[in-house]
Amino acid sequence: MMDNLRAASNNVVLKIILALIILSFILTGVGNYLVGGSGDYAAKVNGQEIGRAQLEQAVQNQRNRLQQQLGDQFSELAGSDGYMQQLRQESLSNLIDVTLLDQYSKKLGITVSDQQIKDAIFATPQFQTDGRFDNAKYLQSIQSMGYSADNFALLMKQQLISQQLEQAYGQSDFVLPVESKAMAELLLQVRDVQTAILDTDALAAKQQVTDAELQAFYDQNKNSFMSPEQVKVSYIEMDAAAMQGKTDVTDADISAYYDQHKSEFGQPERRRYSVIVLKSLADADAVAAELKKGTDFAELAKTKSTDALSAKQGGDLGWMEPETTLPEFKNAKLTTKGQVSGVIKSDSGFFILRLDDVTPEQVKPLAAVRNTITDKLKQEKSLDAYYALQQKVSEAATNDNESLASAEEVAGSKALHTDWFTQNQIPAGINFKPVVQAIFDGGLIGQDGSPGSNSDIITVDGDRAFVVRVDAHKAEGVKPFAEVKDQVTTLVKRQKAQDQARMDGEKLLAALKEGKGDDAMKAAGLSFGASQKVQRSQQPSAFESNVYALPQPQKGQPVYGLTQDNRGNSVLVKLNAVTPGTVPETDTARFNQEMQQTSSNVTFDALLTNLRQEAKIKYGSAAQNQ
């Protein structure tokens, strides 16, 4: 396998960037992936189960991330069953990759200690305030991502292992200067061209078409002239948020809630510690003796502690709550400010601990949380009223299925009415997937365009619900020829013009290659325009691709070609010169680094490919969309 990896690393091509793989560990929720399996699993990787719960959490985390990035656009994507199935498959694939990498790292003997994990968390800028670890910010950040402290520590462990794998397979890759120069000359190459355009629009205006040609085009392309299904609907909307402003909350309600939920308004006990970390018991005993003599704890932490991060702060670790306090700290049983522990043994060595301060558990007074309780009770009462209203409206719409009149009376509001619309142009007020499905699945549509039935209650995201009635319906069908004749005429003329432009261009190209181009171009009323420089873009157009497909000019003689622009015009191209690309001296180091990173990415990608090929992967029922 190692030979395959080395062979892959010698190919300089663009591959998946390793950082994306590492990032996927955090985004796909692998915090519990080492947990034992169950009968209902998503996949087995070399006998190790990836459970249903792990996959569901991974999919949900990916959904949350995309929702934050894309906002309303993600709602449209989420409406596609195919897209959501693809997201589910990608999440499972990421979990399998993580499991394979974990298994492989164990085989190589790559391990990460608890101290390394702690150091990595403390050094993360996202968890710091003014350059120091902030425990409150840390908890808030990981909780917003849906992780407990234990699960996030496991995620950090996976990231550190992955970084070690990256170093193991990436540090030996290098790029020769001749390779860098050749790649720069190719990628940054500039081509000097002139163009002459055969205008399709001008040619289309001169085309003649017969009724027989138009009818034949129409008959062959009827699917292009479809009249989509159309409906008119009436609907009643119910919105829990709108009902919240109509809900009253009494002082008695607020007091009762406060008395029953005081634990929700408390601040747990917080403790602040300082630490001195030592490598050996002898070093720890020596520092303990210094402390007994009265030597300053902070000064010893700065000069003796092997934990560089806390040493800079005189050993200060900041405030900690019970759930984030290490077991060794709790077992030290320090109770008073300034109390210093004896020497404590841990997985990472030995340390001496000092309790710097304690903030006792507190409960906020009613006045401080009154507004919060009021808002919560209003929301709860409005939801109760909202669900009660749904039930009444549903019963009214079912009992009087000939109109929405009874439902309007119960809802206390008039139904809204739309004009004609299609499935591709939904009115904003009802543009929700469940509502659209109910309208167009056929169950609410009457016969021959007549009004249909009232819908059941249709709920959508955001505590909103609808009752819908289709007032009128037009089925999908092919538009008659007479209705689209003008459109057909335009299309046929343009098609004939494009064919003529292509044939004229091919004749002119042949003349140019034979050295008779001047007379041919003059006869066609064409000439090459001013010289322009063409450079390859990241997503080259058809014009760029065709320009770069032309052979390089030899002995100062231009090379000619024929292509199309983005408006459908035929374009004659005259390639005059090719200038090899160069990298500015100021960017050379970065260019070489990117090429080396690309080489490393190929190696790591090859590693994953080999691990997958050699693994026994079995997919379970939970891998399917539920």
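Nothing fancy with the numbering, it's 1 onward along the sequence.
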(message) Less than 4.5 Å apart, side chain to side chain, heavy atoms only: is that true for K44 and E49?
(response) yes

(message) How about CD on Q208, more than 12 heavy atoms from neighbouring residues, nucleotides or ligands closer than 6.0 Å, or not?
(response) no

(message) Check this for me, if you would: do K493 and D201 make a salt bridge, where the nitrogen-to-carboxylate-oxygen distance has to be below 4.0 angstrom?
(response) no

(message) One thing to verify: whether K381 and D248 come together as a salt bridge, which I'm taking to mean a side-chain N less than 4.0 angstrom from a carboxylate O.
(response) no

(message) Looking at R88 and E90, is there a salt bridge between them, counting it only when a charged N and a carboxylate O are closer than 4.0 Å?
(response) no

(request) Report yes or no: does N94 contribute a side-chain atom to a donor-acceptor pair with the main-chain N or O of D97 at less than 3.5 Å? (result) no

(request) Return the minimal non-hydrogen interatomic distance between A153 and I117, and the atom names on each side. (result) O-CG2, 3.8 Å

(request) Taking only Lys NZ, Arg NE, NH1 and NH2, and the carboxylate oxygens of Asp or Glu, determine whether E229 and K474 approach each other closer than 4.0 Å. (result) no

(request) Taking N546 for its side chain and A542 for its backbone only, find out whether a donor-acceptor pair lies under 3.5 Å. (result) yes

(request) Without swapping roles, check the side chain of R612 against the backbone of I96 for a donor-acceptor pair under 3.5 Å. (result) no

(request) Could you tell me whether a side-chain N or O of T418 sits under 3.5 Å from a main-chain N or O of V233, the two making a donor and an acceptor? (result) yes

(request) Could you check K496 against D499 for salt bridge (Lys or Arg N to Asp or Glu O under 4.0 Å), going step by step and ending with a plain yes or no? (result) CA-CA 5 Å; K496 295 179 74 172; D499 292 341; over 6 Å; no

(message) Given the ring of F225, does K222 sit roughly above its face, with NZ or CZ under 6.0 Å from the centre of the six-membered ring and within 45° of the axis?
(response) no

(message) Could you check whether K392 pairs with E409 (Lys NZ or Arg NE/NH1/NH2 to Asp/Glu carboxylate O, under 4.0 Å)?
(response) no

(message) Are Q495 and F217 packed together at the side-chain level, in the sense that at least one heavy-atom pair is separated by less than 4.5 angstrom?
(response) yes

(message) Between D375 and K378, does any side-chain N to carboxylate O distance fall below 4.0 Å?
(response) no

(message) When you compare the side chain of Q498 with that of R494, does any pair of heavy atoms fall below 4.5 Å?
(response) yes

(message) Between D253 and T250, do the side chains contain a donor N or O and an acceptor N or O under 3.5 Å apart?
(response) yes

(message) Distance check, rounded to the nearest 0.5 Å: H473 atom NE2 versus I445 atom CD1?
(response) 3.5 Å

(message) Is there a side chain to side chain donor-acceptor pair (under 3.5 Å) between Q391 and Y387? Walk through the geometry before answering.
(response) CA-CA 6 Å; Q391 183 64 31; Y387 292 126; over 6 Å; no

(message) Do V435 and V468 make a side-chain contact, defined as non-hydrogen atoms from C-beta onward lying under 4.5 Å apart?
(response) yes

(message) Between K433 and D461, is the salt bridge (Lys or Arg N to Asp or Glu O under 4.0 Å) condition met? List the steps.
(response) CA-CA 10 Å; K433 181 180 177 181; D461 291 340; over 6 Å; no

(message) I'd like to know whether NZ of K364 has more than 12 heavy-atom contacts from other residues, nucleotides or ligands below 6.0 angstrom.
(response) no

(message) With a 3.5 Å distance limit and no angle check, can you tell me whether N401 reaches the backbone of N454 through a side-chain donor-acceptor pair?
(response) yes

(request) May I ask you to check whether F127 and F122 place their ring centers less than 6.0 Å from one another? (result) no

(request) Check step by step if side chain to side chain donor-acceptor pair (under 3.5 Å) holds for Q362 and E269. (result) CA-CA 8 Å; Q362 299 176 352; E269 180 187 81; over 6 Å; no

(message) Whether the side chain of S255 engages the backbone of A252 through a donor-acceptor N/O pair (distance < 3.5 Å, no angle test) should be reported.
(response) no

(request) Taking all heavy atoms of V410 and all of V393, pick out the closest pair and write down the distance. (result) CG1-N, 3.9 Å

(message) In this structure, is the centre-to-centre distance between the rings of F432 and F466 below 6.0 Å?
(response) yes

(request) Please test D219 against Q215 for side chain to side chain donor-acceptor pair (under 3.5 Å), starting from the C-alpha separation and ending with a verdict. (result) CA-CA 6 Å; D219 291 341; Q215 186 67 52; 3.0 Å; yes

